[in-house]
Amino acid sequence: SQQGEEDPQALSIQEGENATMNCSYKTSINNLQWYRQNSGRGLVHLILIRSNEREKHSGRLRVTLDTSKKSSSLLITASRAADTASYFCATDGGTDKLIFGTGTRLQVFP
Amino acid sequence: DTGVSQDPRHKITKRGQNVTFRCDPISEHNRLYWYRQTLGQGPEFLTYFQNEAQLEKSRLLSDRFSAERPKGSFSTLEIQRTEQGDSAMYLCASSYGPVVALHFGNGTRLTVT
């Protein structure tokens, strides 16, 4: 079963534009994480935001968390072709394991 | 830190055969997770270990699946009597402690013909 749903399922933008992906989840959480996956590869951890945090930044990434709406967003600023990948949110659902969403496929055109 | 390694990268097998995959986690990580991912979907949790103890196994996991982590180091995932529906990418991840950042291997892609 999958805890989260990402929106949109697919996103195509030009280099230099910003990309925004949203994640909704179902149960209470301790933290929410975002991962990137290049085609045919494993997932790479991008950022973790705790349930008592509202916003977090890491380089060109900005993550927000709204626990009242059970939603999060990932913003990638000034996108590059190398950002082309699938992006997944993952939540712990108050347990000891991460449950992943369905992912957003991002295509950045040069 | 040499990362999480998985072997083999690809496995093609005939329906009904048994297969075994291996995962070597980052050496100081005490937690090891197995996930399965089908095309266009997110990773689906299968099972996890803390050291050598298997703490949880997904209710969706058939009895044909078994995992071990002897001595709390590498782990193996075995699928007995494979079915075409078992075709997927099998991902291993490790971490030091619960629900912190997971470090993933590049997966084993299984094709059952």
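Every chain is numbered from 1, with letters handed out A, B, ... down the list of sequences. Not measured: the values here are computed from a predicted model.
Around the CD atom of B:E78, the shell of radius 6.0 Å holds more than 12 heavy atoms that belong to other residues, nucleotides or ligands. With a 6.0 Å radius and a threshold of 12 heavy atoms from other residues, nucleotides or ligands, A:L75 has its CG atom above the threshold. For B:R9, the CZ atom sits in a packed shell: over 12 heavy atoms of surrounding residues, nucleotides or ligands are nearer than 6.0 Å. Environment of CZ in A:R60: crowded, with over 12 heavy atoms of neighbouring residues, nucleotides or ligands closer than 6.0 Å. The environment of A:K56 atom NZ is dense: over 12 non-hydrogen atoms of other residues, nucleotides or ligands sit within 6.0 angstrom. Counting non-hydrogen atoms of other residues, nucleotides and ligands closer than 6.0 Å to CZ of B:R64 gives a total above 12. Remark: A:Q9 CD is loosely packed, at most 12 non-hydrogen atoms of other residues, nucleotides or ligands lying under 6.0 Å away.
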Worksheet entry | Verdict with supporting geometry, A:L98 and B:Y33, side-chain contact (heavy atoms from CB on, under 4.5 Å) | CA-CA 9 Å; A:L98 286 182; B:Y33 299 80; over 6 Å; no

Item to complete: Let me see the working for A:F88 and B:Q37 under side-chain contact (heavy atoms from CB on, under 4.5 Å), right down to the final yes or no.
Response: CA-CA 12 Å; A:F88 296 92; B:Q37 186 178 27; 3.6 Å; yes

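B:L102 is not listed as a side-chain neighbour of A:L43, based on a closest heavy-atom distance of 4.5 Å or more. Between A:V44 and B:F104 there is no side-chain heavy-atom pair separated by less than 4.5 Å. Counting heavy atoms from C-beta outward, A:F100 and B:F45 have side chains that stay 4.5 Å or more apart.
Separating the OG atom in B:S95 from the NZ atom in A:K97 is a distance of 13.5 Å, to the nearest 0.5 Å.
Listed for the B:N106 side chain is no donor-acceptor partner under 3.5 Å among the backbone atoms of A:R41.
Only the side chain of B:E56 comes within contact range of chain A, judged by heavy atoms closer than 4.5 Å. Only the backbone of A:T95 comes within less than 4.5 Å of a heavy atom in chain B; its side chain stays farther off. Using a 4.5 Å cut-off between heavy atoms, A:D96 touches chain B through backbone and side chain atoms alike. With a 4.5 angstrom heavy-atom cutoff, B:R31 touches chain A only via side-chain atoms.
By the criterion of side-chain heavy atoms lying less than 4.5 angstrom apart, applied directly or through intervening Ile, Leu, Val, Met, Phe, Trp or Tyr residues, A:L11 is grouped together with A:I76 in one hydrophobic cluster.
Closest approach of A:Q33 and B:A101 over heavy atoms only: OE1-CA, 3.6 Å.
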